[in-house]
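Here is the naming used below: chain letters follow the sequence lines, and residue numbers restart at 1 for every chain. Bear in mind that the values here come from a model prediction, so they are computed numbers and not experimental data.
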Amino acid sequence: MEEIRATRLEKVAEIKSLGLKPYAYKWESTHRTTELQAKYADLGKGEEMGDRVAVAGRIIARRVFGKLAFFSLQDEVGTIQLYLDKKRIDAAMSDLPQAFAQLKKLTDVGDILGVEGTIKRTDKGELSVNVTNYTILTKSLLPLPDKWHGLTDTEKRYRQRYVDLIVNPESRQIFRRRAKITAAIRRYLEQRDFLEIETPVLQSEAGGAEARPFITYHNTLEMDLYLRIATELHLKRLVVGGFEKVFELGRIFRNEGVSTRHNPEFTSIEVYQAYGDYQDMMNLTEDLIKTVAEEVIEARSVNYQGKNINLQTPWRRETMHNLVLEVTGLDFTQFPDPETAKTACQEAGIEIAEGCNELGKMLNEAFEQKVEATLIQPTFVLDYPMEISPLAKPHRSKAGLVERFELFIVGRELANGFSELTDPIDQRQRLEAQAAKKAAGDLEAHNLDEDFLAALEYGMPPTVGLGIGIDRLVMLLTDAASIRDAIAFPLLKSQSKAINSFDYDSTKEILRVEFQNGSVYQYLDVPSSVYKELKDSPSVGQYFNSSIRDKFGFNREV
RNA sequence: GGGUCGCUAACUCAACGGUAGAGUAUCCGGCUUUUAACCGGCAAGUUCUGGGUUCGAAUCCCAGGCGACCCA
């Protein structure tokens, strides 16, 4: 509301006129609020301590009386009450006439305040700072949401995360925990001599996964670049180069849809260990996740959306074939040909795409459609079909399969790992097959990365790799229902901009549009017929959204 | 991509074809032990956007925007 903002700006001016700074430079606290709460937990009602303390934080509630006031002050970790006594403050702050009255008059909920005082537990039992001096550190101009209902509108929580973080402590808790999780993962790996090495985000070919990349453009090199869809191929190059234990925890970009489980940019960790196989990596995975959970949530089990997940190791390990057999009754080792399998699948209610005639793909479909959702407790699924795993080493004893595992918890894929394919000739053939699929129109098929193949030809030791979806791990350990709750600033569509005005240069065919937010864009090569339709449209905004935005090139003017 | 639901004051929500309202917050007044403080008063709106139906639309219809959930 403009009015609230205006009155607060007046207060800013008043603060300045008193010779104070509404936007201060520095404050030294002696404690955080939770430290005070812990230190004086045993202080009795009505008792007071002489210790001088200083704290700072945001005012989240004000209860003001004639000559006495109570504020609730919130810092990053908690809250504490301020006991504000007119006599005491006026006496201590003799430089500022009517210091108490000014405090009442000039502060609002939302302001950031620093105070000094002593510790006192009020007669009602609330631990408080009995304030002698206060300093307004930052004057807030915009009102905070309702203190009781808070901010519940999901969209606003994501779009204005800072407001969400101010008013919803549980939201702050998720990101605090997320930071602890990534720190614990790094600590775990570093203790075991893994080295974190950063690999490029901008790549001339995006490889290492089946996914569509984002495309960007380098101006001076005049070339298209892709944002990475995996760190796999570069980390393997490092293994070729002689690093035996490497990992990278970082952002991955996939040009895919958005859902409660997918954000186009997400965080993954990939880990590579030379001289190990996928059994070793399963051991590491379960120990890593169990250890991180113990460090971060101090428990061996976790409650996720009402389900109790037991993280006690060892976790179940079962082959994909056996799981499909168990759930659907279909035994994929017994089908004489793809046709029989297809018919059996369809009878079991599994949808198989028209052109699909690969047994491995059908097995995977059966698994995804019927089994995945049932894997609530931690389960390693083993031995995947070769068709869907072009970078994995063939199984040492089962034809047509690879030595690969995926970890499922609460019905979701959380990790993926395999004994890496180290045979450069085999790898070339498999990537060539992928490239052929890509040429045939499969947008997600792998690229053929000649340099990666060259690296393999120099020789890579037997190696096992692992990838973990960090966002999903955070979801699990914070009981977050949506991935957007686990990402501080999830990708959201930009809100449509209202148009203020527009004009048209008919000789240059430039349409100049001024938006309500003040930005001005020039849309290029816009035919006069389009301008005419825009002008005559009953709804300029609607016509603009449907027929001009995204349809014409543009330059930003302001 | 399909379906369902939502969008009204800064926040949380009413009003369901007939004068747009409440609580909280703000603003003014009162109050020295409150903690969703209390009491009294004032002010606050592009009902997401654009069309349509109607004497009359927040409400019904159409199109669009954004979001949530479910499904693929």
Under the rule of Watson-Crick or G-U wobble with both distances under 3.5 Å, where | means paired to another strand and [ ] a crossing pair, RNA chain B maps to (((((((..((((....[..))))..((((.......))))......(((((..]....)))))))))))).
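Listed candidates were B:rU35, B:rC27, B:rC11. Nearest to the side chain of A:Thr7 is B:rC27. Side-chain proximity of A:Leu151 to the nucleotides B:rA36, B:rC27, B:rU12 is greatest for B:rU12. Proximity note for A:Arg484 (side chain, C-beta onward) versus B:rA68, B:rG23, B:rU33: the nearest is B:rA68. If you check B:rC11, B:rG67, B:rC70 against the side chain of A:Thr260, the one that comes closest is B:rC70. If you check B:rU12, B:rA36, B:rA68 against the side chain of A:Trp148, the one that comes closest is B:rA36. You'll find that the side chain of A:Lys493 is closest to B:rG67, out of B:rU32, B:rG67, B:rU33. Nearest to the side-chain atoms of A:Phe65 among the listed nucleotides B:rC31, B:rC11, B:rU26 stands B:rC31.
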Trace of the salt bridge (Lys or Arg N to Asp or Glu O under 4.0 Å) decision for A:Arg58 with A:Asp111 | CA-CA 6 Å; A:Arg58 193 182 292 274; A:Asp111 291 352; over 6 Å; no
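Between B:rA58 and B:rG1, the distance separating the two P atoms is 32 Å to the nearest Å. The separation of B:rG64 from B:rU26, taken at their P atoms, amounts to 42 Å, rounded to a whole angstrom. Here the separation of B:rG45 from B:rC7, taken at their C1' atoms, is 15 Å to the nearest Å. B:rU47 and B:rC13: their C1' atoms are spaced 13 Å apart (whole Å). Spacing of P atoms, B:rA9 relative to B:rA22, comes out at 14 Å, to the nearest Å. A gap of 16 Å separates the C1' atoms of B:rG6 and B:rU49, to the nearest Å. Remark: the separation of the P atoms in B:rG30 and B:rC16 is 41 Å, to the nearest Å. Between the C1' atoms of B:rA57 and B:rA68, the separation comes to 26 Å (whole Å).
A:Lys120 contributes a side-chain N or O that forms a donor-acceptor pair with the base of B:rU33 under 3.5 Å.
No more than 12 heavy atoms of other residues, nucleotides or ligands sit less than 6.0 Å from atom CD of A:Gln98.
Phosphate contact (OP1/OP2 of B:rU12, side-chain N/O of A:Thr152, threshold under 4.0 Å): present. Residue A:Arg63 places no side-chain N or O under 4.0 Å from the OP1 or OP2 atom of B:rC38.
Straight-line distance from the OH atom of A:Tyr83 to the P atom of B:rU35: 15 Å, rounded to whole Å. Separating the CG atom of A:Asp90 from the C1' atom of B:rU32 is a distance of 13 Å, rounded to the nearest angstrom. Distance, A:Lys156 NZ to B:rG6 C1': 12 Å, rounded to whole Å. A:Asp123 has its CG atom 19 Å from the P atom of B:rA37, to the nearest Å. The interatomic distance linking A:Lys147 (NZ) with B:rU24 (P) rounds to 9 Å, in whole Å. Atom CD1 in A:Ile60 sits about 12 Å away from atom C1' in B:rA36, given to the nearest Å. Whole-Å rounding puts the A:Asp153 CG to B:rU8 C1' distance at 13 Å. In this entry the distance linking CD1 of A:Ile4 with P of B:rG45 reads 12 Å, nearest Å.
When only modelled atom types and interatomic distance are considered, A:Asn447 and A:Lys438 share a side-chain donor-acceptor pair under 3.5 Å. Counting only N and O atoms by type, the side chains of A:Arg52 and A:Thr132 include a donor and acceptor under 3.5 Å apart. For the residue pair A:Arg32/A:Gln37, the side-chain donor-acceptor check at 3.5 Å is not satisfied. A:Gln74 and A:Arg172 are linked by a side-chain donor-acceptor pair at a separation below 3.5 angstrom, with hydrogens and angles left out of the test. A:Tyr304 and A:Arg412 share a donor-acceptor pair across their side chains, judged by distance under 3.5 Å alone.
Applying the ring pair (Phe, Tyr, Trp, His ring centres under 6.0 Å) test to pairs two or more places apart or on separate chains, none has a residue in residues 114-168 of chain A.
Across all strands, A:Lys11 comes closer than 4.0 Å only to sugar-phosphate atoms, never to a base (heavy-atom distances). Residue-level contact check: A:Val64 touches the bases, meaning some heavy atom is under 4.0 Å from a base atom. Heavy atoms of A:Leu492 sit under 4.0 angstrom from primed sugar atoms or phosphate atoms, though from no base atom. Among the atoms of the strands shown, none is found under 4.0 Å from any heavy atom of A:Gly257.
Under the 4.0 Å criterion applied to side-chain N and carboxylate O atoms, A:Glu387 and A:Lys361 are not assigned as salt-bridge partners. Using a cut-off of 4.0 Å between Lys/Arg side-chain N and Asp/Glu carboxylate O, A:Asp383 and A:Arg404 are scored as not salt-bridged.
Each of A:Gly150 and A:Lys104 lies near RNA chain B, and the nucleotide nearest A:Gly150 is the one positioned closer to the 5' end. In this structure, A:Val109 and A:Leu68 both approach RNA chain B, and ranking their closest nucleotides by distance from the 5' end singles out A:Val109.
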